[in-house]
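In this chain, numbering begins with 1 at the start of the sequence shown. Hydrogens, waters and symmetry mates are skipped; everything else that's a heavy atom, side chains included, is used.
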Amino acid sequence: MKPELIKQAYEVAKQRYAEIGIDTEEVLKQMENFHLSLHCWQADDVTGFEVQGGDLSGGIQSTGDFPGKARNIDELRQDILMAKSLIPGNHRLNLHEIYGDFQGKVVDRDEVTVEHFQSWIEWGKENNTLLDFNSTSFSHPKSGNLTLANPDKGIRDFWIEHTKRCRDISNAIGEAQGDPVLMNLWVHDGMKDQSVNHYLYRQLLKESLDEIFAKEQPHMKDSIEGKVFGIGLESFTVGSHDFYTAYAAKNNKILTIDTGHYHPTESPADKVSAVLQFVPELMLHVSRPVRWDSDHVTIMDDPTQELFSEIVRAGALDRVHYGLDFFDGSINRIAAYVIGSRSAQKCMLRALLEPTATIAKYELAGEGYKVLALLEEAKAMPWQAVYDEFCERHNVPVGAAFMADIDSYVANVTSHR
C-alpha cells in the first residue's frame with residue numbers, strides 16, 4: 001500500500017475515533033510500551049542446543065516438519081532477528097534453559113551457570129533485546145513423569161538444583177541488562193492413569209518450590225504456570241491451576257495464564273479480573289488451542305481478543321507481561337512468529353481503541369442495549385488503519401507485504417539449510 005494511502009486512511013480513522021472519545025495518537029503511544037516476549041522455541045520446534053539433547057518429551061509435543069528450521073544458535077538468532085524486523089515495536093526474547101551457548105560441551109541441567117548465557121547477554125545488548133527465561137524440566141533422562149514432585153529425593157534434588165540455577169542465571173541476566181528478567185516455572189509432573197498419592201505429590205511440589213524460592217533475587221521475577229494435563233499424563237496434574245493460584249496468592253508470585261492450559265469451555269480472559277485481586281502481576285503465554293493444548297499460531301480469534309480486552313478494562317496494563325507460546329513446525333516458522341505477534345498486537349490495539357469508559361457508564365446506569373450496541377459498533381471501527389499507521393511509523397511492511405520478505409529469506413537463507 002502506498003504511504004499516502006496509509007496516511008489518508010489513518011486520518012479518517014483518527015477522526016472516526018475522536019467522535020467516540022478515543023485519541024488514536026495516545027493509543028499509539030501506549031502501543032509503544034506493549035512489548036511481547038518472543039519465544040525462542042518456535043524457531044527450532046523446542047529442540048535446544050544441549051549436546052546430550054534427546055527427543056521432545058514431558059507432556060508436550062511439536063508437530064510438523066516444514067523445511068529450514070534453525071539447527072544451531074547462530075541460525076536461531078538469525079531467524080529471530082528476521083522475525084523482529086517484520087514486527088512493529090521492540091520486543092523481548094524468552095529463553096528456555098536448553099538454549100544455552102554450550103560450545104559443544106556436555107552440561108547437565110544441575111550444572112548450568114550464567115557463563116552459558118553470557119553470549120546471549122551480549123547478543124541482547126547488541127540487538128536492543130531484553131531477555132526472559134524459563135527452567136526446563138522436560139526432554140531429559142531424569143524427567144520421567146515427576147520432577148519437583150518426585151518421591152525419589154535424588155531426582156527431586158536434581159530438579160531443585162536445576163531450578164535454583166535458572167533463578168541465579170535469570171538474576172544475573174536481569175542485572176546485566178538493567179531490567180528484571182521474568183522467569184517462568186512450569187513442570188509437567190503428573191500421572192497417565194489413576195493414582196492415590198495426590199496429596200503427597202503436591203506436598204512435595206510445595207516443599208520444592210519453597211526451597212527454590214527461598215533465595216531473594218532482586219533482578220528477576222518469578223512466575224508459576226499450571227496446566228490441565230499433558231500428553232501421556234492425562235489423568236492427574238500435580239501443578240494444577242488451583243495449586244498454583246493458591247501458591248501465587250499466598251507467596252506473592254506472578255501467576256502465568258497460558259491460553260492453551262484450560263478446559264475448552266473455560267475462558268482465560270475471565271481469570272484476569274479474578275486472580276489480579278490476589279496476585280501482584282500476571283504473565284501471559286498466548287497461543288491458540290485447537291480442542292486441546294495444541295499450541296497453534298496465535299490469531300485474532302474471540303478468546304484472544306477477549307483476553308486483551310479484559311486486561312485493558314481492568315486497568316492492568318502495568319501488571320501484565322505478554323509472552324507468546326506457540327510452536328508450529330508445519331508452516332514457515334518465521335512467518336509463524338510474524339503472524340502470531342502481529343495478531344496479538346492487533347488484539348491489544350483493538351482493546352485500547354474501545355470506548356470502555358463510555359460503555360462502563362451505560363452499564364452502571366442500567367442501559368444494557370447501549371452496552372451491546374457500542375461493543376458491536378467497536379468491532380466495525382477502522383482499527384486496521386491505525387495498525388497500518390503503527391507499522392508505517394516503525395518502517396515495517398504494512399498488511400500482507402511481509403510475505404515477500406519471508407519468501408526472499410527462504411530463497412536466500414533457510415532453503416540452504
Side-chain angles (χ1 to χ4, degrees), residues 41 45-46 54-63 96 98 109 134-160 162-163 184-212 223-250 253 255-268 270-271 274-275 283-296 303 325-328:
W41 49 96
D45 304 343
V46 208
D55 294 333
L56 186 61
S57 65
I60 58 176
Q61 179 178 318
S62 179
T63 56
H96 250 289
I98 57 174
R109 296 189 195 171
N134 300 261
S135 57
T136 310
S137 68
F138 50 82
S139 302
H140 186 277
K142 293 184 178 180
S143 290
N145 291 341
L146 298 167
T147 59
L148 293 178
N150 201 310
D152 184 321
K153 188 175 186 301
I155 293 177
R156 189 169 71 254
D157 286 348
F158 175 90
W159 290 110
I160 290 173
H162 163 74
T163 315
N184 190 59
L185 187 157
W186 170 77
V187 295
H188 56 273
D189 295 30
M191 291 290 174
K192 179 177 178 60
D193 214 326
Q194 296 184 45
S195 66
V196 298
N197 287 304
H198 293 188
Y199 190 93
L200 171 64
Y201 300 137
R202 285 176 170 149
Q203 180 182 39
L204 291 172
L205 177 56
K206 178 186 178 298
E207 291 173 357
S208 295
L209 294 176
D210 290 345
E211 182 176 343
I212 288 165
S223 66
I224 50 180
E225 176 182 2
K227 194 171 185 176
V228 175
F229 73 94
I231 300 172
L233 304 167
E234 294 86 358
S235 293
F236 170 64
T237 297
V238 184
S240 65
H241 293 300
D242 291 338
F243 177 93
Y244 280 123
T245 301
Y247 192 95
K250 183 176 181 179
K253 297 298 181 184
L255 185 68
T256 298
I257 292 179
D258 186 306
T259 55
H261 286 192
Y262 295 90
H263 189 279
T265 61
E266 282 188 285
S267 169
D270 191 51
K271 316 297 178 186
V275 298
M283 176 67 186
L284 302 185
H285 277 187
V286 185
S287 66
R288 175 168 47 109
V290 178
R291 297 186 175 87
W292 66 294
D293 184 28
S294 59
D295 291 302
H296 282 62
D325 189 20
F326 48 82
F327 35 101
D328 191 344

Any side-chain heavy atom of [X] within less than 4.5 Å of one from [Y]?
{"X": "W292", "Y": "I231", "value": "yes"}
{"X": "L205", "Y": "D189", "value": "no"}
{"X": "V46", "Y": "F138", "value": "yes"}
{"X": "H241", "Y": "Y262", "value": "yes"}
{"X": "L148", "Y": "L204", "value": "no"}
{"X": "T237", "Y": "F229", "value": "yes"}
{"X": "H285", "Y": "T256", "value": "yes"}

Next item on the list: Report the residues that fulfil ring pair (Phe, Tyr, Trp, His ring centres under 6.0 Å) with H162, sequence neighbours left out, ordered by chain and then residue number.
Entry: W159
Is a side-chain donor or acceptor of [X] paired with a backbone partner of [Y] at a separation under 3.5 angstrom?
{"X": "R109", "Y": "T136", "answer": "yes"}
{"X": "H96", "Y": "S135", "answer": "yes"}
{"X": "T147", "Y": "S143", "answer": "no"}

When rounded to the nearest 0.5 angstrom, what distance separates [atom1] in [X] from [atom2] in [Y]?
{"X": "Y247", "Y": "L185", "atom1": "OH", "atom2": "CG", "value": "9.5 Å"}
{"X": "I160", "Y": "E211", "atom1": "CD1", "atom2": "CD", "value": "4.5 Å"}
{"X": "N145", "Y": "H188", "atom1": "CG", "atom2": "NE2", "value": "6.5 Å"}
{"X": "K253", "Y": "M283", "atom1": "NZ", "atom2": "CE", "value": "15.5 Å"}
{"X": "S235", "Y": "Q194", "atom1": "OG", "atom2": "CD", "value": "6.5 Å"}

Note to self: Determine whether S137 and H140 satisfy the following criterion, side chain to side chain donor-acceptor pair (under 3.5 Å), listing intermediate values before the conclusion.
What the structure shows: CA-CA 7 Å; S137 68; H140 186 277; over 6 Å; no
At their closest point, which heavy atom of [X] faces which heavy atom of [Y], and how far apart are they?
{"X": "P268", "Y": "E266", "result": "CD-O, 3.5 Å"}
{"X": "I212", "Y": "T163", "result": "CD1-CB, 3.7 Å"}
{"X": "F158", "Y": "K142", "result": "CD1-NZ, 3.7 Å"}
{"X": "H263", "Y": "V228", "result": "N-CG2, 3.8 Å"}
{"X": "G260", "Y": "S287", "result": "N-OG, 4.2 Å"}
{"X": "P151", "Y": "L146", "result": "CD-CD1, 3.9 Å"}

Note to self: As a quick check of understanding, evaluate side chain to side chain contact (heavy atoms under 4.5 Å, CB included) for W186 and H261, giving each step before the final call.
What the structure shows: CA-CA 11 Å; W186 170 77; H261 286 192; 4.2 Å; yes
Notebook entry, point to check: Of D258, D293, D242, which is the lone residue that meets salt bridge (charged side-chain N to carboxylate O under 4.0 Å, His left out) with K227?
Noted result: D293
Margin query: Parallel, tilted or perpendicular, judged at 30° and 60°: which one describes the rings of F236 and Y201?
Written below: tilted
Notebook entry, point to check: Please walk me through it: do T259 and L284 pass side chain to side chain contact (heavy atoms under 4.5 Å, CB included)?
Noted result: CA-CA 8 Å; T259 55; L284 302 185; over 6 Å; no
Note to self: Quick test of your reading of the model: are D210 and K206 salt-bridged, counting only N-O distances below 4.0 Å?
What the structure shows: yes
